[in-house]
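Notes follow the structure.
Positions are given from 1, in the same order as the sequence printed here.
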Amino acid sequence: MLEPLHAAPLGAAEPMGIRSSCWTASGLSDDLATVVRSSHRWTCGDRIYSLEGERTLLRFEIGPDDDLPQYLFSRRSALAAVHLLAIDRDGAMRQSSLSAGELPSALSGGYFKATLPGVTRDTRQVVVAFDLPSHRMTLERAYLSASDLVLGPDLLRSLLLLAILAGMLSMPLIFNAAFYRILREPFVLWHTMLTISLLLTILVSSGLAVILFDPPAMTLSWMTTVIFGLTVASGAMFTYSFIEPGRMHPLLRRGLLCCAAWAVFLSTFHAAFPFVARPIQSTVYTAAFAPVVVVFILSLADALRRGSRAAKFQAVGYLPVITVGLVRLVTGVVPWLESNDAMFLFYVGCVCEVLFTTLGVADRFMTIKRQRDSARFEADVLERLSERDALTGLFNRRAIEQNFEKFLAEGYRTLAVLDLDHFKAINDVHGHVVGDAVLKAVAEALQADPQIHAFRLGGEEFVLLLRGDDAQAQAEQRRQAIPAIVAKAVPGLGRSVTASMGLADAPPDADAEFADLYERADKLLYDAKLAGRNRTKMAVMRGSTNDEDPVIETVARRFRRI
């Protein structure tokens, strides 16, 4: 898919056209015509350009077989103005000038264009003077062309492929939005920022920006610089937050933070003040990213050495982009090498970044989700354990207090408080091991079902929460089952284990507090103890003449007969 980009003008291939044969430098105050005619000032055959002069002039020879050039094309970078001179065989000159703000962008990605002044068959030379050029690439990539680029089949195919690439970069934004709603991890935001930065880089470095909104060339120039810094910074922050804790040396992790801040500062300063140290500024600017590349490489290498799963995805995804950075760094710093931005490799890098880092984000997302689900499950288990009595397995006081409103809403409006009679004597005579066995047997007698919840509040005290029309009878049935079940489970006690119980109902049409309902039932339990133990006391029912419910009294008499 990317192969047409390599051959089309949007890629990194060398453009076809008339290239300069000689160059010279002068001051801004020097007369252009005088400089052009001073043949001794020109350097020919040497394409190692210098930015020392305030103005750099390129001379293009027009051969008899050449198509007459109509346009100048060159790479965008900060400059003050461009002067164009067409020189005929008889020495006549035609000149036009454009300030930096007047230079239009070309459909060829990263280039600006300027219309030449009246080139004819009598024209033998074209001289282009750049005022305050800030990058050698503007001089190295300058060429003359007979026509402007048109939206032909090749260019349309390249633009379409770039649009597809931009669409691929847009897809992770959708995934990240979905991921972040579920798992609010910072690396998802930084990956989103990185993806947006790469998307904007493709937009401003290709002809797509010219087709969509056609900004001036210098606007795209400073935008490209700023976006590059944001791309590096977001990549550093993504790596900082993406590599798992403990899988990268702390100094390298902090170094990534410094790299992010350094990249934003460099790009912003270089875009805002391109002429502060113009002859060397672009070289220094490029070289200043060398520590960033080193920290990136060391961070990934250290993370891989420490067994980081996330670093494996990132290393594969970042490899082409890091290679692009190294190519730009070496060719931008070494004077005798022609600057190369490796745009074709950059597009390949974008594809790799989209594919592998998005897969890495998804993989890390699933890993973290599994970890959080496991932690949540363990927390739920611990929560349930914290609501259970370790000895009997019944719910404890914490469970009833925290869930009382829910129990009321589900219809459990009868509360029974039970206390074993003379339980201390069992511990004193038989020991706590036997006492614990008795408590387990009592818990078995107070077996829960969909209509009853059983709780142990502590010691020999138990609570039942009941619902249904026969709630009191169910509570009494369980209380009176205690002696037989304990006797069977713990033989040899030499006495019957009984329990006293107090019963209270929550008001049918009003909310009740556990403390209030428990206090009422506990008072009735106390009354049952005073009345001789092994019995139930409940609140006086409306229409009753005594303090015991007729149903409970009937059940009690039946059990006593047995």
Side-chain angles (χ1 to χ4, degrees), residues 1-2 164-202 228 230-257 259-260 263 292-327 342 345-374:
M1 183 186 75
L2 290 171
I164 292 173
L165 179 58
M168 290 177 60
L169 285 170
S170 301
M171 291 304 296
L173 301 180
I174 301 173
F175 292 130
N176 287 345
F179 290 156
Y180 193 72
R181 290 188 61 186
I182 302 172
L183 199 65
R184 297 186 179 275
E185 288 289 335
F187 69 80
V188 179
L189 296 179
W190 288 116
H191 187 258
T192 300
M193 184 66 185
L194 175 61
T195 304
I196 292 174
S197 299
L198 288 172
L199 182 59
L200 292 176
T201 300
I202 291 176
F228 175 74
L230 293 177
T231 301
V232 175
S234 56
M237 293 305 300
F238 173 61
T239 305
Y240 168 84
S241 57
F242 186 54
I243 301 299
E244 305 92 332
R247 301 296 185 181
M248 184 191 299
H249 195 283
L251 287 178
L252 289 173
R253 201 178 289 271
R254 287 196 293 269
L256 289 170
L257 291 176
C259 287
V292 177
V293 176
V294 171
V295 172
F296 259 97
I297 294 175
L298 291 178
S299 298
L300 289 178
D302 183 64
L304 290 172
R305 183 182 65 85
R306 294 169 181 258
S308 169
R309 182 179 175 87
K312 295 177 183 179
F313 290 94
Q314 199 170 2
V316 177
Y318 274 11
L319 181 61
V321 177
I322 292 177
T323 305
V324 170
L326 292 173
V327 170
L345 186 58
F346 171 76
Y347 294 139
V348 175
C350 289
V351 174
C352 291
E353 192 280 334
V354 169
L355 177 61
F356 290 101
T357 59
T358 302
L359 287 175
V361 168
D363 179 79
R364 181 74 188 283
F365 170 83
M366 295 305 299
T367 300
I368 293 177
K369 187 176 185 299
R370 284 194 296 269
Q371 292 173 346
R372 291 196 174 183
D373 289 346
S374 176

*Can you list every pair that meets ring-ring contact (aromatic ring centres under 6.0 Å, His included) and has a residue in residues 294-326, with sequence neighbours left out?*
none
*Would Ser308 and Met248 count as a side-chain contact (heavy atoms from CB on, under 4.5 Å) if you check the C-alpha gap in whole Å, the side-chain angles of each, and the deciding distance to 0.1 Å?*
CA-CA 8 Å; Ser308 169; Met248 184 191 299; over 6 Å; no
*Closest heavy-atom contact between Leu251 and Arg254?*
CD2-NH2, 2.9 Å
*With no hydrogens and no angle check, do the side chains of Ser241 and Glu185 hold a donor and an acceptor under 3.5 Å apart?*
no
*Residues two or more places apart in sequence or in another chain: which of them pass ring pair (Phe, Tyr, Trp, His ring centres under 6.0 Å) with Phe228?*
Phe289
*Give the minimum heavy-atom separation between Phe238 and Phe187, together with the two atoms involved.*
CD1-O, 3.5 Å
*Could you tell me which residues satisfy side-chain contact (heavy atoms from CB on, under 4.5 Å) with Ile297, sequence neighbours excluded, listed by chain and number?*
Val293, Ile322
*Taking side-chain contact (heavy atoms from CB on, under 4.5 Å) as the test, write out the residues that go with Val324, two or more places apart.*
Arg328, Ala342, Leu345, Phe346
_For a quick test of reading the model, state the closest non-hydrogen atom pair linking Glu244 to Ala310 and the distance between them._
OE2-N, 3.1 Å
*Where is the tightest heavy-atom contact between Leu194 and Thr231, given as atom of each residue plus distance?*
CD1-O, 3.6 Å
*Residues forming a salt bridge (Lys or Arg N to Asp or Glu O under 4.0 Å) with Arg305, sequence neighbours excluded*: Asp302
*How long is the gap from CG on Leu200 to CD1 on Ile196, to the nearest 0.5 Å?*
7.5 Å
*asked:* Any side-chain to backbone donor/acceptor pair from Arg247 onto Arg306? Under 3.5 Å, distance only.
replied: yes
_Among Leu300, Val295, Val294, which residue satisfies the side-chain contact (heavy atoms from CB on, under 4.5 Å) criterion with Leu298?_
Val294
*Can you name the residues that form a side-chain contact (heavy atoms from CB on, under 4.5 Å) with Ala260, not counting sequence neighbours?*
Ala233, Ala236, Met237
_If we ignore hydrogens and angles and just use 3.5 Å, is the side chain of Arg253 paired with the main-chain N or O of Ile243 as donor and acceptor?_
yes
